[in-house]
Colleague: 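Quick one: this structure, given as C-alpha cells, is what I'll be asking you about.
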Amino acid sequence: MVATPNPDMFSLFLSQCGATPQAPFLIAADGAVLTYEAALRRSAQLANAFRAQGVQPGDCIAIQVEKSQTALLTWLAALQAGAVYLPLNTGYTTGELRYFLGDAQPSLLLCRAEDEAPLAALCAEIGVPALLTLDSEGTGGMLVAAAADQPETFERAPLTPDTLAAILYTSGTTGRSKGAMLSHANLASNALTLVDHWRFTTDDRLLHALPIFHTHGLFVATNVTIAAGSAMIFLPKFDADALVRLMGQASVLMGVPTFYTRLLAHPGFTRELASGMRLFISGSAPLSAETHKEFSALTGQAILERYGMTETNMNTSNPYDAARKPGSVGFPLPGVALRIADQATGTILPQGEIGGIEVRGPNVFMGYWQMPEKTAQEFRADGFFITGDMGRIDEEGYVHIVGRAKDVIIAGGFNIYPAEVEAALDEIPGIAESAVIGVPHTDLGEAVVAVVKSTDAALDQDAIAVALKDRLARFKAPRAVIFVDELPRNTMGKVQKNVLREAHGGLFRD
Ligand code: MCA
Ligand code: AMP
C-alpha cells in the first residue's frame with residue numbers, strides 16, 4: 001500500500017497501477033483477469049465517454065445498472081472525471097427514480113438497456129440532459145459503444161479532500177429520502193483504516209458477491225481492495241453454489257448475515273474449504289450470536305463483525321488478532337470517536353448503559369444533499385453524528401448494538417422504512433389504514449409484514465402485491481399481509497407496533 005498525505009481513492013488506485021500494473025484487479029468467475037493497468041485504461045475511456053456527454057467536474061452521474069466489471073469501472077471513471085457518483089439500487093421502480101433524479105439533478109443517467117424507453121421519458125420530464133445504457137454483462141449498450149473509440153488516458157480533474165465524491169440515498173423514517181454526501185477524504189480515510197485493521201495485502205483475493213450500489217459492496221469491499229492493491233473475485237450476485245465453488249481461490253469474504261446463514265446450510269461449505277480463507281467479515285445487519293457460534297463450530301474460525309452506515313462508512317470492527325465477540329460489533333476504529341448518549345438530552349452515559357450511538361471522525365459524511373436543517377438536527381454541537389442506533393459499551397470496551405431508535409427494517413442487508421411502505425399501501429383503494437412491522441425471518445434476518453384494515457372484501461395479498469408492483473421496489477414489498485378489523489392504538493391514537501410485533505412475531509420462525 002502506498003499512502004499519500006491527503007489520499008483520495010483515485011490516487012490510491014493510480015499508486016497501485018504504478019507499483020504493480022500487471023497485478024489482477026478483477027477476476028471473473030471463469031478466471032479471466034482484468035489487471036490494474038487494463039482497468040486504468042478502460043476506466044479512462046469511460047471517463048472520456050462521460051466527458052463527451054457533457055459531464056463536467058462537480059456534475060452528478062446517476063447509475064442504475066446490473067453488476068458487471070464495466071459497471072464497477074464507472075466508479076473509477078467518475079473518480080477521475082471529478083463527477084459525483086450516485087449509485088441506485090437496481091430494485092428501484094421508475095416512480096422511485098423520479099424522486100432521486102429530481103432531487104440530485106444529475107447530468108447523466110446510466111441505466112439498463114431494457115429501461116431505456118421509460119427512463120428516457122423520465123429524463124426528459126425532469127431535465128436530465130444525457131442518458132446512456134449498459135447491458136447486464138457490461139459488454140454492450142450505448143456506454144460501451146461510446147467508450148470504444150475514446151483515448152485510453154484521461155487528464156483527471158483536480159480535487160481537494162473535501163470535494164464531493166458520491167451521494168448515496170438513505171431512506172427517511174419520515175418524509176423524503178436523504179442524499180448522504182461523501183467526500184473523497186471520507187472514503188479514502190476509511191479505506192486506509194480498514195486495510196490496516198483487517199491486514200489486507202496485495203496477496204488478498206476478496207470474494208465479492210455483494211451488490212455495488214451500496215456502501216458495503218462499493219466502498220468497503222472495492223475501496224479496501226484498491227487501497228491494498230489486492231484483487232476481487234467479482235461475481236454478479238450472491239449464489240451459495242458459486243461461493244463454494246470459488247472459495248478455494250479466495251482469502252477473504254465480505255457479506256451480510258444472510259450470506260453466512262446460507263453458507264452454513266450448504267453441504268459443500270466445509271471446515272476444509274474454509275481453512276484456505278484468512279478472514280470472514282459480516283456487516284450491514286446484526287449477525288446473531290447463534291450464527292457466529294455455529295460458524296465457529298463448523299470452521300474453527302470466528303466471523304469478524306463490523307458496524308457502519310451509509311453516512312459514516314465503517315465505525316467499529318471486531319479485532320483482527322484478539323477475540324471477536326459474538327453479538328458485538330467490536331471497538332471504534334482508529335480515528336473514530338464513539339460514545340453512548342441519552343437520545344433526548346445528549347448527555348453522555350456511563351460505560352455499560354444503553355443509549356444512542358454517536359460517532360465523529362474523518363469517515364463521517366459532509367451532510368445531506370440540499371437539507372441543511374435535517375443535517376443540523378442529526379449532529380450534536382460538538383460534531384458527533386447521531387446514528388439512530390441504540391447500543392452499549394461493555395466492560396471490555398466492545399460495542400453492542402441493542403436496537404434502533406429509527407423505525408427501520410433491515411431485510412437481507414437492505415434498509416426498508418415502514419413509513420414509506422405504509423404510504424404506498426394507504427394509496428391503494430380499499431385500504432383504510434396500515435401498519436408495517438419487521439418480523440424475525442430465518443433467511444433475511446427480518447421480513448416486512450403489513451397489517452391492514454381493509455374496506456374491500458375482495459382485496460387480498462396478491463391484489464396488494466400487484467398494486468404495489470410499480471410503486472415500490474420488490475425488496476420492500478410485504479412478505480405477508482394480515483387483515484384486521486382495527487389496528488391497536490394507544491390513548492394518544494398512535495398505532496402500537498409492539499403489540500403487532502408480539503402478535504405476529506412468530507410468522508417466519510421455523
Ligand atoms: C432480494 N429480495 C429481497 C432481498 N433481496 N427481499 C427482501 N430483502 C432482501 N434483501 C427479493 C427480490 O426482490 C425478489 O423478489 C426475491 O427476493 C428474490 O430475489 P433474488 O435477487 O433472487 O434474491 P437473493 O439472491 O436471495 O438476495 C438476497 C441477498 C441480497 C443475497 C441477501 O439481497 C443481497 O445481496 N443483499 C445484500 C444487501 C447489501 O449489500 N446491503 C448493504 C447496504 P420477487 O421474487 O418478489 O421479485 S450498506 C449498509 O447497510 C451499511 C453501510 C453497512 O454497514 O454495510
Ligand atoms: P444503511 O442505512 O444502509 O447505511 O444501514 C446502516 C444501518 O445498518 C446502521 O445504522 C445499523 O442499524 C445497521 N448495521 C450495520 N452494520 C450492522 C451490524 N454489524 N450490526 C447491526 N446493525 C448493523
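All ligand and atom numbering here is 1-based and tracks the order in the structure. In what follows, residues are counted from 1 in the order of the sequence shown. Note that the structure is predicted; figures quoted are calculated from it, not measured.
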Colleague: For ligand 1, find out whether one of its N or O atoms is nearer than 3.5 Å to an N or O atom of G413.
Modeller: yes
Colleague: Looking only at distances, can you tell me whether any N or O atom of T215, backbone or side chain, sits closer than 3.5 Å to an N or O atom of ligand 1?
Modeller: no
Colleague: Mind listing the closest non-hydrogen atom pair of G217 and I212 along with its distance?
Modeller: O-CG2, 4.1 Å
Colleague: Under 4.0 Å from atom 13 (O) of ligand 1, is there any protein heavy atom?
Modeller: yes
Colleague: I'd like to check which ligand 1 atoms, numbered from 1 as shown, lie under 4.0 Å from a non-hydrogen atom of R479.
Modeller: 2 (N), 3 (C), 6 (N), 7 (C), 11 (C), 17 (O)
Colleague: Are Y398 and F331 an aromatic pair by the rule of ring centers under 6.0 Å?
Modeller: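 Y398 vs F331: aromatic centres under 6.0 Å.
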Colleague: I'd like to know if atom 31 (C) of ligand 1 has any protein heavy atom within a distance of less than 4.0 Å.
Modeller: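 At least one protein heavy atom is under 4.0 Å away.
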Colleague: Using a 4.0 Å heavy-atom cut-off, which part of H214 comes near ligand 2: side chain, backbone, both, or neither?
Modeller: neither
Colleague: Against heavy atoms of P211, which atoms of ligand 1 measure under 4.0 Å?
Modeller: 35 (O), 37 (C), 40 (O)
Colleague: Starting from atom 24 (P) of ligand 1, find the nearest protein heavy-atom neighbour and note its residue, name and distance.
Modeller: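 Result for atom 24 (P) of ligand 1: R262 NH1, 3.8 Å.
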Colleague: How about atom 43 (C) of ligand 1: does it have a protein heavy atom within less than 4.0 Å?
Modeller: yes
Colleague: Going by the order shown, which atoms of ligand 1 are within less than 4.0 Å of some heavy atom of L210?
Modeller: 40 (O)
Colleague: Flag Y307 as yes when one of its N or O atoms lies below 3.5 Å from any N or O atom of ligand 2, and as no otherwise.
Modeller: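 No: no nitrogen or oxygen of Y307 is under 3.5 Å from one in ligand 2.
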Colleague: Check each of S284, G91, G283, A465 against atom 50 (O) of ligand 1 and report the one with the nearest heavy atom.
Modeller: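 Selected option, by shortest heavy-atom distance: S284.
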Colleague: Atom 53 (C) of ligand 1: protein heavy atom closer than 4.0 Å?
Modeller: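 Given the 4.0 Å limit, the answer for atom 53 (C) of ligand 1 is yes, a protein heavy atom qualifies.
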Colleague: What do you reckon, is CD of E396 surrounded by more than 12 foreign heavy atoms closer than 6.0 Å?
Modeller: yes
Colleague: List every atom of ligand 1 that sits less than 4.0 Å from any heavy atom of R306, numbering the atoms from 1 in the order shown and giving each element.
Modeller: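 Selected atoms, number and element: 53 (C), 54 (O), 55 (O).
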Colleague: Between the side chains of D196 and T193, does any donor sit under 3.5 Å from an acceptor?
Modeller: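 No - no donor-acceptor pair under 3.5 Å links their side chains.
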Colleague: For E96 and T93, does a side-chain donor sit closer than 3.5 Å to a side-chain acceptor?
Modeller: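 Yes, T93 and E96 have a side-chain donor paired with an acceptor closer than 3.5 Å.
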Colleague: Would a line drawn from the ring center of F365 to the ring center of F379 be shorter than 6.0 Å?
Modeller: yes
Colleague: Give the atoms of ligand 2, by number and element, whose distance to some non-hydrogen atom of S284 is under 4.0 Å.
Modeller: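 This gives 8 (O), 13 (C), 14 (N), 15 (C), 16 (N), 17 (C), 23 (C) as the contact atoms.
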Colleague: Provide the number and element of each atom of ligand 1 under 4.0 Å from a heavy atom of G308.
Modeller: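 Answer, ordered by atom number: 54 (O).
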Colleague: With a heavy-atom distance limit of 4.0 Å, tell me whether T310 approaches ligand 2 through its side chain, its backbone, both, or neither.
Modeller: both
Colleague: Would you check if there is a donor-acceptor pair between the side chains of D162 and S183 at a distance under 3.5 Å?
Modeller: no
Colleague: Is it the case that ligand 1 has an N or O less than 3.5 angstrom from some N or O of H214?
Modeller: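 Between H214 and ligand 1, no N or O pair is found under 3.5 Å apart.
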Colleague: Y85 and ring pair (Phe, Tyr, Trp, His ring centres under 6.0 Å): which single residue from F10, F213, W75 fits?
Modeller: W75
Colleague: Using 30° and 60° as the class boundaries, would you call the ring planes of Y260 and F295 parallel, tilted or perpendicular?
Modeller: perpendicular
Colleague: Which of the atoms in ligand 1, numbered in the order shown and given with their element, are less than 4.0 Å from a heavy-atom of R474?
Modeller: 13 (O), 44 (P), 46 (O), 47 (O)
Colleague: Below 4.0 angstrom from a heavy atom of T310, which ligand 1 atoms are there? Numbered from 1 as shown, please.
Modeller: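 This gives 52 (C) as the contact atoms.
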Colleague: Over 60° means perpendicular and under 30° means parallel, so classify the ring planes of Y99 and Y169, tilted if in between.
Modeller: perpendicular
Colleague: Give the atom numbers and elements of ligand 1 that come within less than 4.0 Å of a heavy atom of M309.
Modeller: 52 (C)
Colleague: For ligand 1 and F414, I'd like to know whether there is a polar contact (N/O to N/O, distance under 3.5 Å).
Modeller: no
Colleague: Does atom 8 (N) of ligand 1 have a protein non-hydrogen atom under 4.0 Å from it?
Modeller: yes
Colleague: Where is the nearest protein heavy atom to atom 1 (P) of ligand 2: which residue, which atom, and how far?
Modeller: N415 ND2, 3.1 Å
Colleague: Mind checking whether E305 has an N or O less than 3.5 Å away from an N or O of ligand 2?
Modeller: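 Looking only at distances, the answer is yes, because the N/O contact criterion of under 3.5 Å is met.
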